[in-house]
Amino acid sequence: MICRKEAIDYCLTFKNVYEDYPFNDKNWTVIRHCENKKIFAWIFEKDGYIWINVKCKTDWIDFWRETFNSVIPAYHMNKKHWNSIILDGTVPKDEICRMIGESYDLTKKGGVLGGKC
């Protein structure tokens, strides 16, 4: 997984989610839950690569950072709970999918606010 479209398409395979552009900037794509509008994936281009910010379990966050050089504390996010995955081809697709899935699970809980779905 190295391109924006592939990342967005994968995120949209999860139940009850939608694509959004909250900053009126096509560089920043977010994938939200319909039920609570929480974001589980921030997808953007930086330094010539596509990046995905994902929420992580605190007991796993350092594991991901230590295992892959292209998983770092999240750009413009709370570094205690979020990581950035730089899609430079060094992180296996199954691990990227696992981190996205974990972010989906961690953010789907909470109040119901409605959504676009």
Same cluster or not: [X] versus [Y], using hydrophobic residues (I, L, V, M, F, W, Y) connected whenever any side-chain heavy atoms lie under 4.5 Å apart?
X	Y	result
I8	L87	yes
W28	V30	yes
Y75	I31	no
I72	I52	no
Y10	Y21	yes

From OG1 (T107) to CD (E35), nearest 0.5 Å: 10.5 Å
In Å, rounded to the nearest 0.5 Å, how long is the span from SG of C56 to CZ of R98? 10.5 Å
Salt bridge (Lys or Arg N to Asp or Glu O under 4.0 Å) contacts in which one or both residues fall within residues 2-12, not counting sequence neighbours: K5-D9, E6-K93
Salt bridge (charged side-chain N to carboxylate O under 4.0 Å, His left out) with D20: of R32, K38, K26, only one passes, and it is R32
Test: side-chain hydrogen bond (donor to acceptor under 3.5 Å, both in side chains). Region: residues 78-91. Which pairs qualify, not counting sequence neighbours? N53-S84, R65-N83, S70-D88, S70-T90, D88-T90
Tabulate below the donor-acceptor pairs under 3.5 Å that side-chain atoms of residues 99-106 make, not counting sequence neighbours, or state none.
from: E102; atom 1: OE2; to: K57; atom 2: N; distance (Å): 2.8
from: S103; atom 1: OG; to: F40; atom 2: O; distance (Å): 2.5
from: S103; atom 1: OG; to: K55; atom 2: N; distance (Å): 2.9
from: Y104; atom 1: OH; to: K15; atom 2: O; distance (Å): 2.9

Could you tabulate the donor-acceptor pairs under 3.5 Å formed by side-chain atoms of residues 41-51, not counting sequence neighbours?
from: W51; atom 1: NE1; to: K46; atom 2: O; distance (Å): 3.0

Hey, can you tell me if F68 and W64 have their rings parallel, tilted or perpendicular (30° and 60° cut-offs)? parallel
